[in-house]
Amino acid sequence: MMLTRRSLAAAALLPVAAHAQGAWPDRPVRLLVGFPAGGPTDFAARILQDPLQQLWGQPLVIENRPGASQMIAAEAVVKSPPTATR
């Protein structure tokens with residue numbers, strides 16, 4: 001792979017652009033699980049809940065949205081409001 005001036009310039013600006021953004025997450029995080037409560041996927045999400053809350057410094061809310069081969073949870077993600085406030 002050959003590096004060009006454009007790719008080097010983009011790589012040089014990437015850390016600056018990432019640094020210019022505010023701290024993420026800046027509000028509670030919703031984790032949508034497309035399976036019923038009490039199953040292995042829900043169990044895994046709840047195991048990760050406390051470490052992620054401590055890492056991010058924000059509450060992590062787990063929402064179970066089972067049904068339609070996880071399409072109900074996927075639709076909720078698609079219809080959720082954007083997180084960027086620009």
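- The two residues Pro66 and Pro36 come nearest to each other via the heavy atoms CB-N, 3.6 Å.
- Applying the side-chain hydrogen bond (donor to acceptor under 3.5 Å, both in side chains) definition to pairs two or more places apart or across chains, those involving residues 51-61 are Asp50-Gln54.
- Contact detail for Ala76 and Arg65: the closest heavy-atom pair is CB-NH1, 3.1 Å.
- Residues Ile72 and Val33 do not share a hydrophobic cluster, clusters being chains of Ile/Leu/Val/Met/Phe/Trp/Tyr side chains in contact below 4.5 Å.
- By the side-chain contact (heavy atoms from CB on, under 4.5 Å) test, Arg46 pairs with Asp42, Gln49, Ile62, Asn64, sequence neighbours left out.
- Considering all non-hydrogen atoms of both residues, Leu32 and Ala73 come closest at CD1-O, 3.8 Å.
- Here Val61 sits alone; no ILVMFWY side chain lies under 4.5 Å from its own, so it joins no hydrophobic cluster.
- Of all heavy-atom pairs between Ala45 and Leu31, the closest is CB-CD2, 3.9 Å.
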